[in-house]
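These notes are about the structure you will find just below.
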Amino acid sequence: LDNQNTWPDTQPQWSTDGGRIAFTSARSGADNIWQLSLMQVTGFTANPAYFAPIGQSSTSIKTTTFSWQLVGSSGTAAIDLYQSGNLSAHLLQNSSINIGTNTFVWNGFDVGDQLVPEGYYLARLTVTGGTDLAPIVRQTAVTVDNTPPTVALLASGGDLTDGFFNPQTVLSIQAADVNPIREIDLAIDTAPFTVYRTTNVFNVWSTTFTLPAGPHNLSFRAMDVAGNLSLTTSTVANIDDQPPISSVTFQGASFISSGTVFLSSATALQFTATDSTSSLVVSGMGSLTVVLGTNTFASVGEIDLPPMSAEGLLIASFTAEDKAGNFNATQIDPLFMDLTPPVVSTAIAPPLFFNGNTYFASTGTVYGLSAVDPISAGDASGVNNIQVAVDTAPFTVYSGSFTIPLQGTHTVTYFGQDNVGNPSTPQTLYVNVNNNPPDGIIVVSTPSYTLGIMHYASSETLFSFADRKSTRLNSSHL
């Protein structure tokens, strides 16, 4: 024992291959010959880590190269594949290796010339320097991938089925693979392919772009990190830059005042929309949406609604979208259902005389009419006209005061209409036009006495006035 209570190692000697040192040591309780291996293995890698031994693309990477550095002494090497901890294949068995850099090019087949299935593997390198020494084991990952990515055109709006989009639509080419994507290639119209490469590894990756108005031809493909290139996909992207045009038609009476549309009880609504033809591409109508009060209606290009059922205000809003995703500005219309007719009144000068049975007037009597449209449910469309007819004449629009020039019995019939056609109930005035002056007489009651031209009466005698011809006397003067 030395002064540290350890057994010293003595008489070291190099082995003939330079990979071991032999020495004498009493560490086992007696002097024995011991060996110390100087073999080391570093830098075991597979380059590339992804490859496609039977890939169908000209860009497919057909082989991968395992490499490692050996120092100390030569030996033998074996490479085996493991998947989920289980041995899958032997790639290299008992192959002599030398000090320095060693490589093994693998083509995807095992030692029995069987193709290794696609998948992710751990390649295990086992290096042996002699039967009396423990082997050195190193591992690295390698993936066999013979399948190209899938590619698809995606859009943030518009119609992928028909290929209609708008200039704001963000288009993207998406590539997907079980392994990372290397690049996406895109060609627009007659331009050559533009290569978009990833700087990170993704199993799903997209490149985005927008297009100006007009029709465009797109061609695209993708490549994974194993060099598998998908088939080229070609499609057409039609860019429509103009929104549709929508409108509402009132099928029946309507009247606009101060931004409000007044409707009658018989007025139906028709909402229509057509796509603008001013664009280089006309995608066609996608949808028309109408909101009337709390109810929503939707169709492609036309919505017909029956007349409103209740008097009052209702807000209508509507907008349209074409297949490319262009929206027109929402149009908002306040609609008012007016069910209340005007009220018509007369102004006659001088006033008619009514004897309890008949109204009397002269040919100089002036007849005037006026009307008001009463506020109901918060608003009214207003008076449009007054219709008047004398005797059997047809109704005409009242334009001002009038007289009846012919004596006799006459009828004056009149009614009013508001701006949506609501008529008031016709009213008829029966009047007797007579220009004959009254033949006034004094009627003397009893007691009275007449002698010649003299009439005698007492203080109890009553005097009254009357028309000898009729009972039309309106007033008398003494």
Legend entry - Trace of the side-chain contact (heavy atoms from CB on, under 4.5 Å) decision for V281 with I239: CA-CA 6 Å; V281 169; I239 310 302; 5.8 Å; no

Legend entry - Residues D379, L313; criterion side-chain contact (heavy atoms from CB on, under 4.5 Å); working and verdict: CA-CA 8 Å; D379 211 340; L313 181 68; over 6 Å; no

Legend entry - Check against side-chain hydrogen bond (donor to acceptor under 3.5 Å, both in side chains), S370 and S345: CA-CA 5 Å; S370 62; S345 58; 3.1 Å; yes

Inset, instruction - Take T147 and V178 through the side-chain contact (heavy atoms from CB on, under 4.5 Å) test and state the conclusion after the steps. - result: CA-CA 9 Å; T147 304; V178 295; over 6 Å; no

Inset, instruction - Might you work through the ring-ring contact (aromatic ring centres under 6.0 Å, His included) test for W106 and F51, ending with a clear yes or no? - result: CA-CA 10 Å; W106 181 40; F51 77 116; 5.2 Å; yes

Inset, instruction - Might you work through the side-chain contact (heavy atoms from CB on, under 4.5 Å) test for L335 and L269, ending with a clear yes or no? - result: CA-CA 11 Å; L335 307 179; L269 309 177; 3.9 Å; yes

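Each of T101, T45, N102, I136 was compared with W68 under the side chain to side chain contact (heavy atoms under 4.5 Å, CB included) criterion, and only N102 meets it. Under the side chain to side chain donor-acceptor pair (under 3.5 Å) test applied with S246, the options T274, T272, T289, N328 reduce to a single match, N328.
The aromatic rings of F262 and F255 lie tilted to each other, with the angle between the two planes from 30° to 60°. Aromatic ring orientation, F44 versus F66: parallel (interplanar angle below 30°, classes split at 30° and 60°).
The closest donor-acceptor contact from the side chain of N326 to the backbone of D240 lies under 3.5 Å. Remark: side-chain polar atoms of D113 are not paired, donor with acceptor, to backbone N or O of V111 under 3.5 angstrom. N419 contributes a side-chain N or O that, together with a main-chain N or O of S381, makes up a donor-acceptor pair within less than 3.5 Å. S264 places a side-chain N or O within 3.5 Å of a backbone atom of A266 that can act as its donor or acceptor partner.
The stretch residues 229-238 participates, sequence neighbours left out, in these side-chain hydrogen bond (donor to acceptor under 3.5 Å, both in side chains) pairs: S219-S234.
What you find for P243 and S276 is that their closest heavy atoms are O-CB, 3.3 Å. Here the closest heavy-atom approach between residue G382 and residue D373 is recorded as N-OD2, 2.8 Å.
For R221 and D185, the salt-bridge test passes: some basic side-chain N is under 4.0 Å from an acidic carboxylate O.
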